[in-house]
Amino acid sequence: MVASLVTGLVLLLAALSYHAGRRAGFESGRRVGWAEAPLALRMRYQLDARCPICDDSEGSSGEEAERESCGR
């Protein structure tokens, strides 16, 4: 009787710990995602020379984008 009670208590504590860690991990991942998303969009814009949000593939060509970024 006591052994099954102790085993049940250990399993309950393990499940609660797992649940708490999982929630904390999701929250941490969400915060990191919100912080990194603008950087990733900016990097994609710089590498592709087109807007990643509206997918402006008819925008300026590579040379025009390069001139525009240099201020000429």
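Scope of the values below: all heavy atoms of this structure, side chains included, with no hydrogens, waters or symmetry mates. Numbers here are sequence positions counted from 1.
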Could you measure the distance from the CE atom of Met43 to the CD atom of Glu36? Nearest 0.5 Å is fine. 9.5 Å

Do Val2 and Val10 share a hydrophobic cluster (ILVMFWY, side-chain heavy atoms under 4.5 Å, transitive)? yes

Ignoring hydrogens and angles, tell me if any N or O in the side chain of Thr7 forms a donor-acceptor pair with the backbone of Ala3 under 3.5 Å. yes

Run through the side-chain heavy atoms of Ile, Leu, Val, Met, Phe, Trp and Tyr, join any pair under 4.5 Å, and report what else lands in Leu16's cluster. Leu12

Going by the rule side-chain hydrogen bond (donor to acceptor under 3.5 Å, both in side chains), which residues pair with Arg31 if we only count those two or more places apart in sequence or in a different chain? none

